[in-house]
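To start, the structure under review is shown below, and the notes come after it.
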Amino acid sequence: MSNTFGTLFRITTFGESHGTGIGVIIDGCPAGLAVEAAHIQAALDRRRPGQSELTTPRNEADRVQIQSGLFEGMTTGTPISLFIPNADQRSDDYSHIAGAYRPSHADYTYDAKYGRRDHRGGGRSSARETAARVAAGAVAAQLLAHFGVRVQAYVSAVGEIEVPVGYEELDLSLIDTNLVRCPDPATAARMEDRIRAARDAHDTVGGVITGVATGVPPGLGEPVFDKLPAVLGHALLSINAVKGFEFGSGFEGTKLAGSQHNDEFYTDEAGRIATRTNRSGGSQGGISNGQDVYFRVAFKPVATILQSQPTVNQAGEAVTLAGRGRHDPCVLPRAVPIVEAMTHLVLADLLLRARSNQL
């Protein structure tokens, strides 16, 4: 029922926005991996609501509970169960939409699919589900670190405000030095002002997150349906509010001639095969080539706005709704760890699959 993701490193998430809590079962994580609970919690702290003035004021501590799969700080090879209690629900904030459909939300489509829905915070369609992914992604990140792979993401655009250079020219250690998680301080300040302006106008704003994975070995990805960019696109497009995905040179690459776009191979000083440019984004034929894997993810403006909008109810009658409750004016700052988590999960799964490709 699409609650499970991955082939060898598999996760299944469960829970709703206004239920007892949310959680994830990780199956297929090899035994003998040192896993630090503090690392999982740190990832959740970057995603949790109420972390700054630019995010929803819903106050969830998101304290993770490790219920199984670890003994003396090491994975046992059995399913890892992670649970995150819900503590600050205000279900009454959603009573006005019990029988009406919010514009650009999943209210109507869930009714059309299931014939019923949990209207409290969107139920299973709520972005709160992504906390479970972040927790699982933090475990995958520790597996990847064992093989020297690192994933970083940052906000590269908010509305019309964009970072003017690529990731290669930025100091990515600055990502968490500002509220918007942009490693270009001057652009970050403008982005923060743009988000505040949207919030003060009772509106929302979208943007773009750029991600890069370094240390990815050659050989990850399957040659036909489970190509590295295809699986990564599947993972990232499954995140709430994502409307677009670009890999490598993306749409800009279509403006180049083949002679300009091709990445020439050479042998570096260490005797390794590399490419002089990386417009391919670290993947050729759907398989990683050892270069940086980089991509961009487009997020729409948050659908809930504190303004009146025309819509219809379950009977098809015209009604007017205004958003209530606590919502993000821009999802981008909290989406950075979600993008990283889904990338961790993809690469961990493909890495384990690649270990069975040759004798």
[Y] and [X] side chains, donor-acceptor separation under 3.5 Å:
X	Y	value
Gln284	Ser280	yes
Arg133	Ser238	yes
Thr4	Arg10	no
Thr7	Arg353	yes

ring-ring contact (aromatic ring centres under 6.0 Å, His included) partners for Tyr108, two or more places apart: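 For Tyr108, the residues satisfying ring-ring contact (aromatic ring centres under 6.0 Å, His included) (neighbours in sequence not counted) are Tyr101.
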Roughly how far apart are [X] [atom1] and [Y] [atom2], rounded to 0.5 Å?
X	Y	atom1	atom2	value
Ile40	Ile84	CD1	CD1	9.5 Å
Ile338	Leu236	CD1	CG	11.0 Å
Leu8	Arg355	CG	CZ	11.5 Å
Leu54	Leu179	CG	CG	5.0 Å
Asn278	Tyr294	CG	OH	5.0 Å
Leu345	Leu350	CG	CG	11.0 Å

Among Arg199, Arg47, Arg48, Arg334, find the one that has a salt bridge (charged side-chain N to carboxylate O under 4.0 Å, His left out) with Asp328.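 Per the salt bridge (charged side-chain N to carboxylate O under 4.0 Å, His left out) rule, the option paired with Asp328 is Arg334, out of Arg199, Arg47, Arg48, Arg334.
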Check for a donor-acceptor pair, side chain of [X] on one end and backbone N or O of [Y] on the other, with a separation under 3.5 Å.
X	Y	value
Gln307	His202	yes
Ser126	Arg128	yes
Asp107	Arg102	yes
Asn289	Gln291	yes
His261	Ala257	no
Asp349	Gly6	no
Ser288	Leu220	yes
Glu246	Phe295	no
Lys227	Pro223	yes
Ser68	Ser81	yes

Are more than 12 heavy atoms from other residues, nucleotides or ligands located less than 6.0 Å from atom [atom1] of [X]?
X	atom1	value
Gln260	CD	yes
Leu237	CG	yes
Arg279	CZ	yes
Arg196	CZ	yes
His234	NE2	no
Tyr266	OH	yes

Hydrophobic cluster identity match, [X] and [Y], side-chain contacts under 4.5 Å:
X	Y	answer
Ile239	Val208	no
Val242	Met342	yes
Val158	Leu174	no
Leu70	Leu33	yes
Ile161	Val163	yes

Enumerate, atom names and distances included, each donor-acceptor pair closer than 3.5 Å involving a side-chain atom of residues 134-147, sequence neighbours excluded.
unit_1 : atom_1 : unit_2 : atom_2 : d
Gln142 : OE1    : Glu36  : N      : 2.7
Gln142 : NE2    : Ala138 : O      : 3.2

Hey, are the side chains of [X] and [Y] touching, using non-hydrogen atoms and a 4.5 Å cut-off?
X	Y	value
Arg46	Val336	yes
Thr75	Ile80	yes
Pro103	Thr311	yes
Thr304	His105	yes

Give the C-alpha distance, both sets of side-chain angles, the deciding distance and a yes or no for side-chain hydrogen bond (donor to acceptor under 3.5 Å, both in side chains) between Asn3 and Thr12. CA-CA 5 Å; Asn3 296 303; Thr12 299; over 6 Å; no
Would you be so kind as to tabulate the donor-acceptor pairs closer than 3.5 Å made by side chains of residues 210-217, with sequence neighbours excluded?
unit_1 : atom_1 : unit_2 : atom_2 : d
Thr210 : OG1    : Ser156 : OG     : 2.8

Could you walk me through whether Asn240 and Thr130 pass side chain to side chain contact (heavy atoms under 4.5 Å, CB included), step by step? CA-CA 8 Å; Asn240 307 61; Thr130 61; 3.6 Å; yes
Using the rule given for side chain to side chain contact (heavy atoms under 4.5 Å, CB included), can you reason through Arg181 versus Tyr154, listing the C-alpha separation, both sets of side-chain angles and the distance that settles it, and then say yes or no? CA-CA 6 Å; Arg181 294 202 165 98; Tyr154 62 91; 5.7 Å; no
Could you tell me which non-hydrogen atom of Ala132 sits nearest to which non-hydrogen atom of Gly23, and how far apart they are?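 Looking at all heavy atoms of both residues, the shortest contact is CB-O, 3.4 Å.
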Minimum heavy-atom separation for Pro30 to Leu352, with atom names?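 Looking at all heavy atoms of both residues, the shortest contact is CG-CD2, 3.9 Å.
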Apply side-chain hydrogen bond (donor to acceptor under 3.5 Å, both in side chains) to residues Arg117 and Ser125 and explain how you reach the verdict. CA-CA 10 Å; Arg117 65 184 169 95; Ser125 69; over 6 Å; no
Salt bridge (Lys or Arg N to Asp or Glu O under 4.0 Å) partners of Arg124, counting only residues at least two apart: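 For Arg124, no residue satisfies salt bridge (Lys or Arg N to Asp or Glu O under 4.0 Å) once neighbours in sequence are set aside.
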Remaining members of hydrophobic cluster (4.5 Å side-chain criterion), Phe71: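 None; Phe71 is a cluster of one.
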side-chain hydrogen bond (donor to acceptor under 3.5 Å, both in side chains) between Tyr110 and Asp118: does it pass, once the steps are laid out? CA-CA 9 Å; Tyr110 263 58; Asp118 181 351; over 6 Å; no
List, one per line, each side-chain donor-acceptor pair under 3.5 Å for residues 313-322, sequence neighbours excluded.
unit_1 : atom_1 : unit_2 : atom_2 : d
Asn313 : OD1    : Ala315 : N      : 3.0
Asn313 : OD1    : Gly316 : N      : 3.1
Asn313 : OD1    : Glu317 : N      : 2.9
Asn313 : ND2    : Glu317 : OE1    : 2.9
Gln314 : NE2    : Asp111 : OD2    : 2.9

What verdict does the side chain to side chain contact (heavy atoms under 4.5 Å, CB included) test give for Leu332 and Val180, after you've listed the backbone C-alpha separation in whole Å, the side-chain angles of each residue and the deciding distance to 0.1 Å? CA-CA 7 Å; Leu332 274 297; Val180 78; 5.6 Å; no
Take Val64 and Phe83 through the side chain to side chain contact (heavy atoms under 4.5 Å, CB included) test and state the conclusion after the steps. CA-CA 6 Å; Val64 66; Phe83 183 71; over 6 Å; no
